Amino acid sequence: MPPRRTSTKSLAYTKAERDAFTRDPMLFRRNEIILPSTGKKWDKGIEPWQEEHIFAPLDEIKPNGKWRYSLLYFELPRGHAKTLIAAAEALRLVITEQEWYIDVFATDKDQARITTEFIEGFVRRNPRLAASVVVERNKVYCKETGSRIDVMAADAPSAYGRGGLGQGYMAICDELWTWKNMDLWAGIRTGAGKTSEWRILICSNAGVDKSDETGVAWKVRKTARRKTKTHYLYSPKGPVAQWWIKSGAPDDLKGELPLPTYNRLVMNTWVTAGENVFTAEMVDAVMPKSRTPIEERDPRFFYVAAVDLGLVHDLAARSVGHWDSEQQIIIIDSLRLWHGSRQLPVKIADVEKDISEIFFRFKTRKIVLDPWQMMSTAQRMGKIVEPQWLTTQYRQQISEAFYQQVVSQRISLPYDAYLRNQILELVHVESASGYRLEKPSGGHDDLALTIMMIVHWFGDNIKGSGRISFSRIGGGEQAALRPPVEGEIRGDPRSQMSEARLRDSARKEELEREEAALLQRVAERMA
């Protein structure tokens, strides 16, 4: 006889099992949560700090049978499984509690998706969970208990009316430090009180600027510290998760992140908004006074330019730089500024004339610019221009690339007092998706911005072994700007060298022909 199949329904948790999970929540966490990283039960992965400071407060019961803490604020460093803890707790309540409504408020839609994927993963890896709950888009519910989870973005419309729908209510708030909507928090807090059993669980990093009147986290945090009978706050000073410490990530990040970001994410310390990022020593190491601008092309290198156009209030700026594959360093060669005013704005024609001149002088392969006020320029110059809208995401990308190059001293800047002051004045701005470097209030970052754009371009186009790839101006093909490295061509090493030289020679002639034709086309367009 064929083996008897086990029905899906028979895999579902029985009432006795659910009651056991209610009496001992750690029984559920240890045996029913299977971790995504190992595929094993959470049992041996739970660390002492989690038992003492996370699960013990979550599970503590008063003599009347009610939970002791109605609001729990877990302020944890990066790498301490905040989303995993929140998703596991939501799933536990759905399995064990009758007619509970659990709302998970993620930072944004992307984080909401991640939280949903955690819950879906727990269910997928455990057949018994899969038999006990139904997973839909951003919603999970259990037919046996009548409880449900809804995952939504914290930027969603008001949370008013969310509480009071069942016998109990829990709001799980992810990365509260990013919330600016006090109305949303008020809706959650007042809605929770509509049921006799309610809890609010907060899992967040340390935040930015305690004095920010629009921020939610610091206000809630102060309340949690004050009302110790009903509120619980856990905020370790630095990493405590052994898996995170042993990975070496905290030490690695210390050299990769600006100090304010490192202090907030890794050391779990609140920081002040608008802190300066670079010290004079850091800037002087990449901008020695002996380093002068280079205004002539070196035929060994390929050049990229970047332009930031300001007509009245901000200055217009242009930089040119190249990548030296032997030294493994980005070298900024040439800088230029234009000062405008309300009475005499910067002329776009003057900037275009300069772009044309540097094209002929350096034979620039790409010119990166914000098309906001230069769309017509970009259209006339064609594929040599790479438009980059200065979105928040792009600002974060170029900021991180620039910071890394300065810290690792893999950039060389010509000495310029104005540029030096701009870099020293750059301030650190944090958001949920990362950090960016910006000008201070009333300041300028035009010249520094063009250098960041060049650094980011090379970072995107430098491939392994110091090679660069870029879309050729005619045809969109990928061209390697360095001879093949050893091992790329099969066969005898001596024939490799000769074949490489033949190809490099032919490639050089081809590029020179393309450059000549390109120069002619650009001259015609700019005429």
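This one's a predicted model, so the numbers in the text were calculated from it and none came from an experiment.
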Colleague: Can you list every pair that meets salt bridge (charged side-chain N to carboxylate O under 4.0 Å, His left out) and has a residue in residues 253-275, with sequence neighbours left out?
Modeller: Arg264-Glu430
Colleague: Give a yes or no on whether Gln242 atom CD has more than 12 heavy-atom contacts from other residues, nucleotides or ligands under 6.0 Å away.
Modeller: yes
Colleague: What residues, two or more places apart in sequence or in another chain, satisfy side-chain contact (heavy atoms from CB on, under 4.5 Å) together with Ala249?
Modeller: Trp244, Ser247
Colleague: Verify, without hydrogens or angle tests, whether Thr96 (side chain) and Arg92 (backbone) share a donor-acceptor contact under 3.5 angstrom.
Modeller: yes
Colleague: Please answer whether the main-chain N or O of Asn205 pairs with a side-chain N or O of Glu175 as donor and acceptor at a distance below 3.5 Å.
Modeller: yes
Colleague: Suppose we screen for salt bridge (charged side-chain N to carboxylate O under 4.0 Å, His left out). Which residues come up paired with Lys40, at least two apart in sequence or across chains?
Modeller: none
Colleague: A side-chain contact here means heavy atoms from C-beta on lying under 4.5 Å apart; do Arg189 and Trp198 qualify?
Modeller: yes
Colleague: How many angstroms lie between atom CG of Leu201 and atom CG of Leu58, to the nearest 0.5 angstrom?
Modeller: 6.0 Å
Colleague: Mind checking ring-ring contact (aromatic ring centres under 6.0 Å, His included) for His322 and listing every partner two or more places apart, or none if nothing turns up?
Modeller: Phe301, Tyr303
Colleague: In Å and rounded to the nearest 0.5 Å, what is the CG to NE2 distance from Asn461 to His456?
Modeller: 9.0 Å
Colleague: Count the heavy atoms of every other residue, nucleotide or ligand shown that sit under 6.0 Å from CZ of Arg78, and state whether that count exceeds 12.
Modeller: no
Colleague: Who passes side-chain hydrogen bond (donor to acceptor under 3.5 Å, both in side chains) against Gln327, sequence neighbours left out?
Modeller: Asp324
Colleague: If we ignore angles and hydrogens, is there a donor and acceptor under 3.5 Å between the side chains of Thr107 and Asp174?
Modeller: yes
Colleague: Okay, side chain of Tyr13, backbone of Ser132: is any donor-acceptor separation there less than 3.5 Å?
Modeller: no
Colleague: Side chains of Thr116 and Asn138: is there a donor and an acceptor less than 3.5 Å apart?
Modeller: yes
Colleague: Can you check whether Leu437's main-chain N or O pairs, donor with acceptor, with Ser399's side chain at less than 3.5 Å?
Modeller: yes
Colleague: Using atom types as modelled and distance alone, determine if a side-chain donor or acceptor of Asn268 lies under 3.5 Å from a backbone N or O of Pro236.
Modeller: yes
Colleague: With sequence neighbours excluded, what pairs up with Ala217 under the side-chain contact (heavy atoms from CB on, under 4.5 Å) test?
Modeller: Tyr73, Leu176, Trp177, Trp270
Colleague: With sequence neighbours left out, write down each residue that passes salt bridge (charged side-chain N to carboxylate O under 4.0 Å, His left out) with Arg128, or none if nothing qualifies.
Modeller: Glu17
Colleague: Distance-only, no hydrogens or angles: does the Glu386 side chain make a donor-acceptor pair with backbone N or O of Val368 under 3.5 Å?
Modeller: no
Colleague: Would you check if the side chain of Thr145 reaches a backbone N or O of Val94 as a donor-acceptor pair within less than 3.5 Å?
Modeller: yes
Colleague: Could you measure the distance from the CZ atom of Arg199 to the CD1 atom of Ile172? Nearest 0.5 Å is fine.
Modeller: 10.5 Å
Colleague: Under 3.5 Å, side chain of Thr195 to main-chain N/O of Ala192, donor-acceptor pair present?
Modeller: yes
Colleague: Please lay out, stage by stage, how Phe402 and Phe278 fare under the test ring-ring contact (aromatic ring centres under 6.0 Å, His included).
Modeller: CA-CA 11 Å; Phe402 180 68; Phe278 297 108; 5.7 Å; yes
Colleague: Checking Ser37 now: which residues fulfil side-chain contact (heavy atoms from CB on, under 4.5 Å) with it, not counting sequence neighbours?
Modeller: Leu35
Colleague: If I take atom CD1 from residue Ile102 and atom OH from residue Tyr141, how far apart are they, to the nearest 0.5 angstrom?
Modeller: 14.5 Å
Colleague: Go through it in stages, so that I can follow the logic: the residues are Ile451 and Val455, the test is side chain to side chain contact (heavy atoms under 4.5 Å, CB included), and I'd like the CA-CA distance, side-chain angles, deciding distance and then a yes or no.
Modeller: CA-CA 6 Å; Ile451 293 172; Val455 169; 4.3 Å; yes
Colleague: Is it true that atom CH2 of Trp243 has more than 12 heavy atoms of other residues, nucleotides or ligands lying nearer than 6.0 Å?
Modeller: yes
Colleague: Does any pair with a residue in residues 221-242 pass ring-ring contact (aromatic ring centres under 6.0 Å, His included), and if so which ones, sequence neighbours excluded?
Modeller: His53-Tyr234, Tyr69-Tyr232
Colleague: Nearest 0.5 Å please: distance from the CG atom of Leu390 over to the CG atom of Leu449.
Modeller: 5.5 Å
Colleague: Could you give me the CA-CA distance, side-chain angles and deciding distance for Glu425 and Lys439, then say whether salt bridge (charged side-chain N to carboxylate O under 4.0 Å, His left out) is met?
Modeller: CA-CA 7 Å; Glu425 290 176 356; Lys439 61 186 177 184; over 6 Å; no
Colleague: Before you tell me yes or no, could you show the steps for Val123 and Leu91 under side chain to side chain contact (heavy atoms under 4.5 Å, CB included), namely the whole-Å CA-CA distance, both residues' side-chain angles and the distance that decides it to 0.1 Å?
Modeller: CA-CA 9 Å; Val123 173; Leu91 199 54; 4.3 Å; yes
Colleague: Can you list every pair that meets salt bridge (charged side-chain N to carboxylate O under 4.0 Å, His left out) and has a residue in residues 20-36, with sequence neighbours left out?
Modeller: Arg29-Asp59, Arg29-Glu89, Arg30-Asp43, Arg30-Glu51
Colleague: Looking at Asp445 and Ala448, would you say the former's side chain and the latter's main chain have a donor-acceptor pair under 3.5 Å?
Modeller: no
Colleague: Strictly by salt bridge (charged side-chain N to carboxylate O under 4.0 Å, His left out), give each pair with a member in residues 399-411 just once, sequence neighbours left out.
Modeller: none
Colleague: Which residue pairs pass the salt bridge (charged side-chain N to carboxylate O under 4.0 Å, His left out) test with at least one member in residues 226-249, sequence neighbours excluded?
Modeller: none
Colleague: Between atom CD1 of Ile33 and atom CG of Asn126, what is the distance when rounded to the nearest 0.5 Å?
Modeller: 8.0 Å
Colleague: I'd like to know whether Tyr403 forms a side chain to side chain contact (heavy atoms under 4.5 Å, CB included) with Met282, so could you lay out the CA-CA distance, the side-chain angles of the two residues, the decisive distance to 0.1 Å, and finally the verdict.
Modeller: CA-CA 10 Å; Tyr403 181 82; Met282 294 168 70; 4.2 Å; yes
Colleague: Strictly below 4.0 Å, N to O, side chains only: are Glu197 and Lys66 in salt-bridge contact?
Modeller: yes
Colleague: Taking His80 for the side chain and Pro239 for the main chain, is one N or O donor matched with an acceptor at less than 3.5 Å?
Modeller: no
Colleague: List the steps, then state whether side chain to side chain contact (heavy atoms under 4.5 Å, CB included) holds for Lys82 with Phe74.
Modeller: CA-CA 8 Å; Lys82 294 186 292 295; Phe74 299 138; over 6 Å; no
